[in-house]
Amino acid sequence: MEIKDSGFFLGVRKYGENSYIVFLLSKNNGLIKSFTKASKKQLQYFMILDEINFIWKAKHKNNLGFIKINHEKPSGRHNDNFLISLVKASASELCLNFLPLWQKNEEIYDDLKKLLFFSNNNENNILLNYIWWEIYFLKNTGYGLNINRCVVTGSTKDLFYISPNSGNSVSYQVGKKYNNKLFKIPKCLKSKKIPTNFADYSEAFKITTYFFEKNFGYNLKKFIFRTQLIKKIQTL
């Protein structure tokens with residue numbers, strides 16, 4: 001069988017002495033893992049989240065098959081600063097570890113497109129959009145958080161806490177007596193507006209990290225690029 005599609009380059013891994021396995025998030029076929037006949041020299045021109053098109057061939061989908069990839073758009077790698085590179089690599093890590101092979105997810109694919117649109121903006125802007133990309137990623141993999149309405153009163157005002165048990169938000173009045181057991185909602189999650197300091201992003205990452213680990217059973221400290229991203233934010 002043969003599949004032609006477009007997508008995002010997520011990374012490459014060496015296999016044996018002279019072989020490589022490529023990972024892609026495709027538009028119409030989800031996460032793909034496949035052998036490539038491309039050389040190390042050819043693969044070095046592909047950077048994480050480069051937009052590509054490809055042809056994949058195999059007898060059936062249960063085989064790794066072989067894939068030929070080409071850039072759909074010129075790589076913007078020369079324009080990326082260190083922070084933007086970490087954001088892209090972190091998004092790739094989550095896709096590689098939490099998405100099943102061959103399962104289409106238009107929402108996550110489209111959200112990556114939107115994230116890349118903001119990658120040429122300032123650091124605050126890309127971080128705000130990446131935090132929300134993680135929130136939407138949780139939602140689109142079946143683990144959405146309710147940060148729009150108090151689960152007790154139904155009010156959309158004065159939201160202050162998120163429950164680590166349910167992922168639901170509550171107002172200050174409802175949650176204040178459980179203050180030590182709840183997450184406080186960072187400003188960047190309350191209003192989708194850029195906060196006045198980077199510490200707000202660190203608080204948001206604590207929340208998404210907790211729910212990723214709870215729902216997927218992973219220790220996110222093992223995610224190299226995402227860990228580096230959080231550490232980088234703490235120095236800004």
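Everything quoted here is computed from the prediction, not taken from an experiment. In what follows, every heavy atom counts, from backbone to side chain, and hydrogens, waters and symmetry copies are set aside. If you read the sequence from its start, that first residue is 1, and numbering goes on from there.
Side-chain atoms of Gln44 and Lys41 form no donor-acceptor pair, as typed in the model, at a separation below 3.5 Å. Judged by distance alone, the side chains of Asn179 and Tyr161 do bring a donor and an acceptor atom under 3.5 Å apart. A donor-acceptor contact closer than 3.5 angstrom links the side chains of Asn124 and Tyr201. For the residue pair Asn18 and Lys40, no side-chain donor N or O sits within less than 3.5 Å of a side-chain acceptor on the partner.
A salt bridge is absent between Glu93 and Arg226: the closest approach of a Lys/Arg side-chain nitrogen to an acidic carboxylate oxygen does not fall below 4.0 angstrom.
Closest non-hydrogen pair, Ala38 versus Tyr20, comes out as O-CD1, 4.1 Å. Heavy-atom minimum distance, Ile48 versus Leu10: CG1-O, 3.8 Å.
Surrounding CD of Glu213 are more than 12 heavy atoms belonging to other residues, nucleotides or ligands, all under 6.0 Å away. Heavy atoms from other residues, nucleotides or ligands lying under 6.0 Å from OH of Tyr172 number 12 at most.
Taking the centre and axis of the six-membered ring of Phe54, the NZ or CZ atom of Lys4 falls outside the cone set by 45° and 6.0 Å.
Pairs passing the side-chain hydrogen bond (donor to acceptor under 3.5 Å, both in side chains) check and including a residue from residues 150-159, sequence neighbours excluded, do not occur.
With ring centers used as reference points, Trp133 lies under 6.0 Å from Tyr130.
Partner of Tyr210 under the ring-ring contact (aromatic ring centres under 6.0 Å, His included) criterion, chosen from Phe183, Phe205, Phe216: Phe183.
Atoms CZ and SG, on Phe198 and Cys188 in that order, are 11.5 Å from each other to the nearest 0.5 Å.
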